[in-house]
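Have a look at this one before I ask anything.
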Amino acid sequence: MECLYCFLGFLLLAARLPMDAAKRFHDVLSNERPSGYMRGHNQLNGWSSDENDWNEKLYPVWKRGDSRWKSSWKGGRVQAVLTSDSPALVGSTITFAVNLVFPRCQKEDASGNIVYEKNCRNDTGASPDPYVYNWTAWTEDSDWGNDTSEGHHNVFPDGKPFPRPWRKNFVYVFHTLGQYFQKLGRCSVTVSINTANVSLGPQIMEVTVYRRHRWAYVPIAKVKDVYVVTDQIPVFVTMSQKNNRNSSDETFLRDLPITFNVLIHDPSRFLNESAIYYKWNFGDNTGLFVSNNHTLNHTYVLNGTFSLNLTVQAEVPGPCPLPSPRPPKTTPSLVTAGDNTLELREIPDESCHITRYGYFKATITIVEGILEVNIIQVTDVLMPGPQPDDSLVDFVVTCQGSIPTEVCTVISDPSCQITQNPVCDPVPMELGDACLLTVRRAFSGSGTYCMNLTLGDDASLALTSTLVSITSRDPASLLRMANGILVSLGCLAVLVTVIAFLMYKKHKKYKPIENSPGIVIRGKGLNVFLSHAKTLFFPGNQEKDPLLKNQPGIL
């Protein structure tokens, strides 16, 4: 009898040895953790337990630091980048994406083969072979396409056959929550899971990538990343304000509206059919604002520090709870009977939902700033002496709010697109409390310009623009203009002289001297006046006619 017991024990031990020696998925994918880690979760749809056996012969397992990793890929190492659209609201779908980054000068072509990029030289120089891995040739030269070999090689690590069409060259094994998912792919794949059965909090997703190598597979990369499942709606708020110099410092200006825009992180559109309400408390004793719009404007009228609070409430359509012993809630409804009489009919109320909340808090500071800026006058500057090559223009500027500390201008084309270098100057301290200053700028060449002017201080920037038309002021043009003016004046003078001479010749006639008393008196008076004036200014004898000397009796 003792021999029989020994024999049975030997058989049991022999039967158990292969099971103990076989690799499990959790041994391969989570060899850094105890085997019992995170196995108490509900089943993910389409995923398998990592207690299943791993085909180590077809998919070899290398530990971290194994020297074979260095030669697992021709020309260097392949990096796997794992990302997700975490955080995810419980009940929604979270998507993971894996992208392979090949060594320099390598890429995947349209057929899925790995080739060298043209005109790209790596450390080893140009390769005469255009292919890094020509899997198309491998398939044609081997028996991979035969049905007889399909059951031996075209399988996943757990032995399940590849889905058709299976001609993809990488095998991705995803592992989380004690479960795994296998997928064929090219240089990038995505996998989505529903988070309804996932525990709240941070979780870890691990991915192992194998490449095809004739009748086996070679590990080329491993990667892991943290994702988060939460029962609170992921809420983000952007705050913007006109004339605010830097919104990221949560400092804003008094007496100008602030735009609050609520962003809900919901990449799987889980809340699309939900009624969402936004409840605002701006912390300035203005009360509670409730809105169904994700954007809201609010103006603070006092300086200081305020605590902003937002609560987002979503009514998510969901399954109704199990019926209770109490009668279900009903709604009475009046319907017609065949004999035109009315009767009451009970209609069950099946509108069920789950309420989810999201929260956002911020502390913002309100300060005084420049609220508005205007250009009230534009004047050309005329300099004494020769005019400079550049045209000078004065802009008279006013503003409202705080006194600026700097003024900046940017001159560009009429469309305000092609700009020149900006010019900034400090505002003089003697400006005082009145915001009125003159800004002088030079414009090179004639034409129309767009001039942007900005007044700024530590917290604000106020902008205004205007179009400026500049006429030509080059010296050659001014000389031509002056010559034209002189020629015109000369021609006008000659014309006036000719016309006067012709008029004189036309109207001149001989008139005999008459003994008209009036004329004589006027003539005598004029002669006497001229004689006195001549004697006064020329006291000597000015007579030059010698005939008068030979006439006796004339005084």
Side-chain angles (χ1 to χ4, degrees), residues 38 41-42 44-45 47 81-99 174-177 179 181 188-207 223-241 246-250 252 258-283 288-298 306-319 352-364:
M38 298 293 279
H41 293 273
N42 295 326
L44 298 175
N45 185 27
W47 290 56
V81 179
L82 172 63
T83 58
S84 71
D85 53 15
S86 167
L89 183 63
V90 63
S92 68
T93 299
I94 186 171
T95 299
F96 300 88
V98 181
N99 293 278
F174 292 79
H175 182 237
T176 188
L177 305 175
Q179 301 169 60
F181 183 83
S188 63
V189 296
T190 59
V191 168
S192 299
I193 62 174
N194 187 279
T195 60
N197 295 327
V198 178
S199 299
L200 302 180
Q203 311 293 349
I204 294 180
M205 175 66 75
E206 299 173 292
V207 182
V223 65
K224 60 183 176 181
D225 192 26
V226 176
Y227 64 98
V228 177
V229 178
T230 177
D231 60 350
Q232 294 187 3
I233 303 172
V235 175
F236 307 91
V237 177
T238 63
M239 295 174 279
S240 60
Q241 184 186 42
N246 182 14
S247 299
S248 61
D249 62 1
E250 297 184 343
F252 298 92
I258 305 173
T259 300
F260 299 90
N261 186 27
V262 183
L263 305 175
I264 294 179
H265 182 72
D266 184 30
S268 66
R269 304 180 184 274
F270 177 65
L271 300 176
N272 266 18
E273 304 301 324
S274 304
I276 302 178
Y277 303 94
Y278 305 89
K279 302 178 182 179
W280 296 91
N281 188 338
F282 295 100
L288 182 67
F289 295 86
V290 180
S291 171
N292 58 1
N293 195 327
H294 64 89
T295 301
L296 187 68
N297 292 337
H298 183 73
F306 303 90
S307 296
L308 169 69
N309 286 274
L310 168 67
T311 300
V312 179
Q313 177 180 327
E315 304 294 334
V316 185
C352 301
H353 60 267
I354 301 172
T355 304
R356 298 293 183 192
Y357 296 94
Y359 305 95
F360 175 82
K361 295 183 179 181
T363 301
I364 62 177

Subject >> Between CG on residue Leu308 and NZ on residue Lys361, distance to nearest 0.5 Å >> reply: 11.0 Å
Subject >> Neighbour count >12 (heavy atoms, 6.0 Å) for atom OH, Tyr277 >> reply: no
Subject >> Gln179 (side chain) donor-acceptor with His175 (main chain) under 3.5 angstrom >> reply: no
Original post:
CD1 of Ile264 to CZ of Phe360: how many Å apart, nearest 0.5 Å?
Top reply: 13.0 Å
Original post:
Got a sec, which residues hit side chain to side chain donor-acceptor pair (under 3.5 Å) with Asn246, two or more places apart in sequence or on another chain?
Top reply: Ser248
Subject >> Partners meeting side chain to side chain contact (heavy atoms under 4.5 Å, CB included) with Leu296 (sequence neighbours left out) >> reply: Trp280, Phe282, Phe289
Original post:
With sequence neighbours left out, what residues match Asn261 under side chain to side chain contact (heavy atoms under 4.5 Å, CB included)?
Top reply: Thr238, Leu263, His294, Thr295
Original post:
Atom CD1 in Ile258, atom CD in Gln241: separation rounded to 0.5 Å?
Top reply: 4.5 Å
Subject >> Residue pair Leu200 / Val90, side-chain heavy-atom distance below 4.5 Å >> reply: yes
Original post:
Is there a donor-acceptor pair under 3.5 Å between the side chain of Asp225 and the backbone N or O of Thr83?
Top reply: no
Original post:
Does atom CG of Asn45 have more than 12 heavy-atom neighbours from other groups under 6.0 Å away?
Top reply: no
**OP:** Dump the intermediate steps for side chain to side chain contact (heavy atoms under 4.5 Å, CB included) on Val229 and Ile94, then the final yes or no.
**Re:** CA-CA 9 Å; Val229 178; Ile94 186 171; 5.6 Å; no
**OP:** Only counting residues at least two apart or in another chain, list the ones meeting ring pair (Phe, Tyr, Trp, His ring centres under 6.0 Å) with Tyr227.
**Re:** Phe96
**OP:** Work out which heavy atom in Thr195 is nearest to a heavy atom in Ala88; give both atom names and the distance.
**Re:** CG2-CB, 4.2 Å
Subject >> Asn297: side chain to side chain donor-acceptor pair (under 3.5 Å) partners, not counting sequence neighbours >> reply: Thr259
Original post:
Does Ser247 have any side chain to side chain donor-acceptor pair (under 3.5 Å) partners at least two apart in sequence or in another chain, and if so, which?
Top reply: Asn244
Subject >> Audit row: Ile364, Met239, side chain to side chain contact (heavy atoms under 4.5 Å, CB included) steps and yes/no >> reply: CA-CA 10 Å; Ile364 62 177; Met239 295 174 279; 4.1 Å; yes
Subject >> Atom pair OG (Ser92) and CG (Asn194), whose distance is rounded to the nearest 0.5 Å >> reply: 7.5 Å
Subject >> Between CZ on residue Arg356 and OG on residue Ser274, distance to nearest 0.5 Å >> reply: 10.5 Å
**OP:** Nearest 0.5 Å please: distance from the CG atom of Asn281 over to the CG atom of Asn309.
**Re:** 6.0 Å
**OP:** Answer yes if the side chains of Ser268 and Thr93 hold a donor-acceptor pair under 3.5 Å, and no otherwise.
**Re:** no
**OP:** Check side chain to side chain contact (heavy atoms under 4.5 Å, CB included) between Thr230 and all other residues, then give those that pass, not counting sequence neighbours.
**Re:** Gln232, Pro234
**OP:** Evaluate side chain to side chain contact (heavy atoms under 4.5 Å, CB included) for Phe174 paired with Met205, printing each intermediate quantity in order.
**Re:** CA-CA 7 Å; Phe174 292 79; Met205 175 66 75; 4.0 Å; yes
**OP:** List for me each residue that meets side chain to side chain donor-acceptor pair (under 3.5 Å) alongside Ser291, sequence neighbours excluded, and say none if there are none.
**Re:** none
**OP:** Would you check if Leu44 and Thr176 make a side-chain contact, meaning some heavy-atom pair closer than 4.5 Å?
**Re:** yes
Donor-acceptor contacts under 3.5 Å from residues 311-318 side chains, at least two apart:
{"unit_1": "Gln313", "atom_1": "OE1", "unit_2": "Lys279", "atom_2": "NZ", "d": "3.1"}
{"unit_1": "Gln313", "atom_1": "NE2", "unit_2": "Glu315", "atom_2": "OE2", "d": "2.6"}
{"unit_1": "Glu315", "atom_1": "OE1", "unit_2": "His353", "atom_2": "NE2", "d": "2.9"}
{"unit_1": "Glu315", "atom_1": "OE1", "unit_2": "Thr355", "atom_2": "OG1", "d": "2.9"}

**OP:** Verify side chain to side chain contact (heavy atoms under 4.5 Å, CB included) between Val237 and Leu310, making sure each step is shown before the conclusion.
**Re:** CA-CA 9 Å; Val237 177; Leu310 168 67; 3.8 Å; yes
Original post:
So which heavy atom on Leu89 is nearest to which on Leu271, and how close?
Top reply: CD2-CD2, 4.0 Å
